[in-house]
Protein chains: 2
Amino acid sequence: MALEQPEGGVGTSARILDTAERLVQVRGFNAFSYADIAQELGVTKASLHYHYPSKAVLGQELIGRYAARFGAALAEVDARLSDPRAKLDAFTGLYADVLRDQRMCLCGMLAAEYQTLPKTMQTAVVCFFNHCETWLQGVLREGQERGTLLLRASTADTAQMIVGTLEGAMLIARSYGDINRFQAAATQLLTSLTSDAPTPAP
Amino acid sequence: MALEQPEGGVGTSARILDTAERLVQVRGFNAFSYADIAQELGVTKASLHYHYPSKAVLGQELIGRYAARFGAALAEVDARLSDPRAKLDAFTGLYADVLRDQRMCLCGMLAAEYQTLPKTMQTAVVCFFNHCETWLQGVLREGQERGTLLLRASTADTAQMIVGTLEGAMLIARSYGDINRFQAAATQLLTSLTSDAPTPAP
DNA sequence: GTCTATAACGAGATAGAC
DNA sequence: GTCTATCTCGTTATAGAC
């Protein structure tokens, strides 16, 4: 690896992905162009096409890298924490980190543009959500067994609800430019899964 | 009104909005063009520019009409129902209706594209969410007073969470092409607000 | 109000030199 | 691996006839 990048830098291909990723997360896949990336990196559009022949290919690689990184983050959470509640909290933290620099979750953004995406990208987006939900189901199941989590539905339905809630909270918090909106939603979500006694009516 | 539309039809301006609205909800504001509308209505692009000089103006009118219709639907709910829980259920029903024909909430879609929208549209989108949340806060407050709703946070935070959860559930359900995913999330949402006793651990 | 015609620009993509 | 140059197409928008 180090031999392939003697400068200690990050290869052009990766720098292209870095820029494209941010542009998709901020503006959307349909609202950025090769020209945007080229200008930012100080190269030409033709050079970009050498690394990623078409925008569809670029988008595909984008999702692939993002999913791999997210999967690694989940594995790291598993290695670091054992309490299911703590894992859920860490999960929402991953989303908060993305939102902190004005970005939407890559696949949340692509979900909005879903109907306009190439088939391969559509499949990859759904695959990402499936991966998230599978991980969540494991956490929920263990929390249920330990008795530290109280679910109102099946682990599958609850996992789906969690992903949707976090994606939606990000979506709207970004419009308000207020990360607290996301945090408030995440807190309520965790509370609803760990406590069965909300503020009672007097 | 009838005098302005003697044919009993819906004036060209409204038909343009109808088509544009659906295109935005399905594909997004950045992924449709005047040519798309023109082809569907059998008119020319120039004709569209007569009614809506620029795409920014069209988008603005789109949000305005959508917000007005949504506000009317909420008023109708208030007139028809009195139980806060029933009102919340009707609220989720409005979202389900949109999702049923493959559409995303107009403003949920625009929230994803927020960073690329003209300032006037950005303001209108936030205004729509504010309207939704104000209405929800009223319902939540009454439910709290009656003791039929149990909130885990302030009415403001809860209202925000509800909107985010429904928008997020729509966003993802659409990618799966499965409205049941939305329904499952909506059910859990209502359950978490009306019951403090989820399936207990054995 | 709708049309034809066109301007002015940016998009994704390719050929071929270096 | 990056460049210049170019192609083709689609985009928003306008001018002016009917």
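No hydrogens, no waters, no symmetry mates; every other heavy atom, side chains included, goes into these values. Proteins get letters first, then strands, A, B, ... in listed order; numbering begins at 1 in each.
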**Student:** Need two values: the first and the last nucleotide of DNA chain C, 5' to 3', having an atom under 4.0 Å from any heavy-atom of chain A.
**Tutor:** C/dA11 to C/dA15

**Student:** What parts of residues 32-45 of chain B reach DNA chain D, counting only heavy atoms under 4.0 Å away?
**Tutor:**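 Nucleic-acid contacts, sorted: B/F32, B/S33, B/Y34, B/A35, B/K45.
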
**Student:** Excluding sequence neighbours, so at least two apart, what forms side-chain hydrogen bond (donor to acceptor under 3.5 Å, both in side chains) with A/E142?
**Tutor:** A/R146

**Student:** Can you list the residues that meet the ring pair (Phe, Tyr, Trp, His ring centres under 6.0 Å) rule with A/Y52, with sequence neighbours excluded?
**Tutor:** none

**Student:** Give the angle between the helix axes at the two ends of the helix from C/dG1-D/dC18 to C/dC18-D/dG1, taking five base pairs at each end and rounding to 10°.
**Tutor:** 0°

**Student:** Does B/H51 have any ring pair (Phe, Tyr, Trp, His ring centres under 6.0 Å) partners at least two apart in sequence or in another chain, and if so, which?
**Tutor:** none

**Student:** Considering only heavy atoms, which members of residues 110-121 of chain B lie under 4.0 Å from some atom of DNA chain D?
**Tutor:**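 DNA chain D contact set from residues 110-121 of chain B: none.
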
**Student:** Please list, chain by chain and in numerical order, all residues satisfying ring pair (Phe, Tyr, Trp, His ring centres under 6.0 Å) with A/F91, sequence neighbours excluded.
**Tutor:** A/Y95, A/W135

**Student:** Identify, with sequence neighbours excluded, every residue that meets ring pair (Phe, Tyr, Trp, His ring centres under 6.0 Å) alongside A/F128.
**Tutor:** A/Y66, A/F70

**Student:** Would you please name every residue forming a side-chain hydrogen bond (donor to acceptor under 3.5 Å, both in side chains) with A/N30, sequence neighbours left out?
**Tutor:**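 Expected list: A/E113, A/T116.
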
**Student:** Do any pairs count as a salt bridge (charged side-chain N to carboxylate O under 4.0 Å, His left out) and have a residue in residues 37-63 of chain A, sequence neighbours left out, and if so which ones?
**Tutor:** A/R22-A/E40

**Student:** Is there a residue in residues 46-62 of chain A whose heavy atoms reach under 4.0 Å of DNA chain D, and which residues are they?
**Tutor:** A/A46, A/S47, A/Y50, A/H51

